[in-house]
Number of protein chains: 2
Amino acid sequence: MGISRQQATTDDDAGERAERGPRARTKRLMLETATRLMQAGATPSVSEVAEAAEVSRATAYRYFPSQAALVQAVVDEGLGPILTWQSTSDDAERRVADLFDNAMPRIEAFEATFKAALKLSLDQWARRQAGTLGGEPAFTRGHRVDLLKEAIAPLKGRLPPRDFNRLAQALSLIFGVEVLIVLKDIWGLDSRGTRFVAQWAAGALVRAAVAESIDGGDGANTAAVVK
Amino acid sequence: MGISRQQATTDDDAGERAERGPRARTKRLMLETATRLMQAGATPSVSEVAEAAEVSRATAYRYFPSQAALVQAVVDEGLGPILTWQSTSDDAERRVADLFDNAMPRIEAFEATFKAALKLSLDQWARRQAGTLGGEPAFTRGHRVDLLKEAIAPLKGRLPPRDFNRLAQALSLIFGVEVLIVLKDIWGLDSRGTRFVAQWAAGALVRAAVAESIDGGDGANTAAVVK
DNA sequence: ATCAATATGATACGCGCGTCTCAAAAATTT
DNA sequence: AAATTTTTGAGACGCGCGTATCATATTGAT
């Protein structure tokens with residue numbers, strides 16, 4: 001079965017990147033073409049990438065059996081630099097700000113890709129609910145969880161674990177593509193305004209978490225908290 | 001000719017709800033069937049609703065020309081009660097908390113519907129980027145903007161307009177379905193945990209906005225985001 | 001009761017995605 | 001260089017969505 005052989009290849013390459021030969025070459029060509037198209041704002045189907053890369057549809061589908069696989073590959077490709085990034089500061093708020101400054105422009109650059117990924121996740125979720133398609137991973141917790149936890153790591157000792165997690169969770173609400181959707185598409189803000197609001201919210205949350213831990217427990221959590 | 005007549009009906013009904021006759025009856029039947037299916041977690045296509053409601057595909061498509069129209073109708077139907085709701089308090093933080101308490105369970109009850117709506121918006125956005133489909137509304141700013149602005153209305157006088165908007169924008173990041181996606185699907189929280197985190201974050205943001213305005217400008221904004 | 005208007009249903013069509021088959025081309029081995 | 005394996009391309013197929021057409025049933029007015 002040539003098929004299962006080639007299917008396996010898609011996975012093998014994940015492990016051994018330096019693979020040589022026509023397979024790897026064609027795959028890279030497709031990946032680069034797809035990345036280029038997506039950076040231009042498109043959300044190309046496998047067929048469209050095939051045409052743009054000047055390979056046949058059949059070949060394209062051999063390497064990327066679905067648009068989902070394609071998008072995922074582009075996301076991984078484009079997100080690489082973020083994942084290894086480290087803030088130089090050891091102040092939590094500063095680190096979070098640094099993370100946002102680094103990640104948000106990159107997310108914006110790959111906006112179409114991230115939106116496509118979100119859309120596909122929603123698709124998969126819907127199928128899952130419908131009964132079709134069994135125990136797949138459904139929503140893949142991207143990298144945001146780890147990135148944020150790492151950013152607020154300096155608070156790990158100073159905050160109760162519960163509060164630490166709550167902060168990480170709250171921050172993750174203002175970190176992903178959803179921010180772009182809400183602030184740019186719905187509110188009509190520009191990139192600068194979007195980053196500004198996200199930064200402010202992030203800072204406010206970090207400060208709130210720290211402040212609470214200082215003046216003891218839920219000092220600010222009672223009804224209105226009149227300061 | 002018959003078509004444009006019936007097409008118009010879809011719009012007319014929005015204005016005159018009490019319409020009588022077979023048209024309204026069938027439409028309601030479909031809407032209720034669709035709502036039932038979606039509450040059960042499904043994201044039915046027009047054809048599926050047609051089958052469940054025991055009307056022909058052709059008829060179904062006359063009333064809801066696309067899945068998007070169907071979802072939109074169900075959203076409006078299910079969201080109605082929220083839109084007219086009013087908090088009895090005049091404390092901003094309390095009002096926001098009330099809003100969340102009221103809206104979040106309802107959003108959860110219609111989770112599949114909201115996710116479908118988000119997915120369709122992303123779809124439309126992608127098509128738009130691709131050049132196909134012209135000047136459509138793209139992302140329809142739902143009701144969240146108005147709801148939140150209304151909730152924090154008590155701060156309208158006490159906060160500079162710029163800060164007021166920033167707060168509304170930040171709050172809208174932790175208000176929609178996206179919250180469910182991030183906290184339930186990605187983090188794996190349950191409904192209670194999700195509401196808890198969202199509530200905490202909302203309160204923290206409101207308090208931060210108020211506190212800043214009190215101790216004058218950007219008293220807490222020093223470290224990050226200098227502008 | 002009759003007749004026009006209108007709602008419905010059955011059917012067929014185009015289109016795009018993903019799958020499959022098979023033959024030609026390219027690469028690798030012997 | 002010849003033989004074999006691997007990669008590629010061309011085409012056909014099924015499927016689901018949305019559209020269009022036409023005949024039939026239902027409704028409402030005269």
Side-chain angles (χ1 to χ4, degrees), chain A residues 1-10 12-13 19-30 33-34 37 42-72 116 119-120 123-124 126-127 130-133, chain B residues 1-10 12-13 19-31 33-34 37 42-72 116 119-120 123-124 126-127 130-133 136:
Chain A
M1 288 289 166
I3 289 178
S4 69
R5 179 71 157 88
Q6 292 168 38
Q7 263 287 27
T9 293
T10 298
D12 291 350
D13 281 8
E19 179 130 22
R20 204 71 86 260
R23 289 187 310 211
R25 205 192 69 80
T26 306
K27 189 173 184 180
R28 279 227 66 80
L29 171 63
M30 282 199 61
T33 305
L37 291 177
T43 314
S45 66
V46 178
S47 301
E48 287 169 323
V49 175
E51 188 176 6
E54 290 182 309
V55 296
S56 86
R57 248 165 47 87
T59 301
Y61 271 103
R62 279 186 195 105
Y63 291 102
F64 300 97
S66 68
Q67 196 191 26
L70 193 55
V71 168
Q72 187 56 48
K119 175 172 116 54
L120 292 168
D123 246 330
Q124 198 171 327
R127 296 208 200 305
T132 325
L133 250 163
Chain B
M1 287 298 125
I3 290 179
S4 69
R5 180 74 157 87
Q6 293 165 39
Q7 265 286 30
T9 292
T10 299
D12 291 350
D13 281 6
E19 181 130 22
R20 203 71 85 261
R23 291 187 308 209
R25 208 192 70 79
T26 306
K27 189 173 183 181
R28 280 227 67 78
L29 171 63
M30 283 198 61
L31 233 179
T33 305
L37 292 177
T43 313
S45 65
V46 178
S47 301
E48 287 168 322
V49 175
E51 188 176 7
E54 291 182 310
V55 295
S56 86
R57 246 167 49 86
T59 301
Y61 271 105
R62 279 187 195 105
Y63 291 102
F64 301 97
S66 69
Q67 197 190 26
L70 194 55
V71 168
Q72 187 55 49
K119 177 173 113 51
L120 292 169
D123 246 329
Q124 197 172 329
R127 295 207 201 304
T132 323
L133 249 162
E136 252 83 304

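- Which of dG9(C), dG18(C), dT8(D) sits closest to the side chain of Val55(B) comes down to dG9(C).
- Among the nucleotides dG9(C), dC17(C), dT7(D), the one closest to any side-chain atom of Ser47(A) is dC17(C).
- Rounded to an integer number of Å, the gap from Glu54(B) CD to dG9(C) C1' is 14 Å.
- The nucleotide whose nearest atom lies closest to any side-chain atom of Thr59(A) is, among dT19(D), dT8(D), dC17(C), dT8(D).
- What separates CD of Gln124(B) from C1' of dC17(D) is a distance of 17 Å, to the nearest Å.
- For the pair Glu51(A) CD and dT8(D) P, the interatomic distance rounds to 18 Å; values are reported in whole Å.
- Per the geometry, CZ belonging to Arg25(A) stands 14 Å off C1' belonging to dA25(C), to the nearest Å.
- Closest approach to the Thr26(A) side chain among dA7(C), dG18(C), dT8(D) is made by dT8(D) (side chain taken as heavy atoms from C-beta onward).
- Here dT19(D) is the nucleotide among dT8(D), dT19(D), dG9(C) with the atom lying nearest to any side-chain atom of Pro65(B).
- A straight line from OH of Tyr61(B) to P of dG16(D) spans 12 Å, rounded to a whole angstrom.
- Of the inter-residue distances, the one linking Glu54(B) atom CD with Thr33(B) atom OG1 reads 9.0 Å to the nearest 0.5 angstrom.
- Between the P atom of dG18(D) and the CG atom of Asp123(B) lies a distance of 10 Å, rounded to the nearest Å.
- Among the nucleotides dG9(C), dG18(D), dC17(D), the one closest to any side-chain atom of Gln67(B) is dG18(D).
- Side-chain N/O atoms of Tyr63(A) include none lying less than 4.0 angstrom from OP1 or OP2 on dT7(D).
- Of the candidate nucleotides dA7(C), dG9(C), dG18(D), dG18(D) has the atom nearest to the side chain of Arg57(B).
- Between Ser66(B) and dG18(D) there is no side-chain polar atom (N or O) within less than 4.0 angstrom of OP1 or OP2.
- Proximity of Val46(A) to Tyr63(A): side-chain heavy atoms (C-beta onward) are nowhere separated by under 4.5 Å.
- Judged purely by atom type and a 3.5 angstrom limit, Glu51(B) has no side-chain atom pairing as donor or acceptor with the backbone of Glu48(B).
- Between Thr59(A) and Met30(A) there is no side-chain heavy-atom pair separated by less than 4.5 Å.
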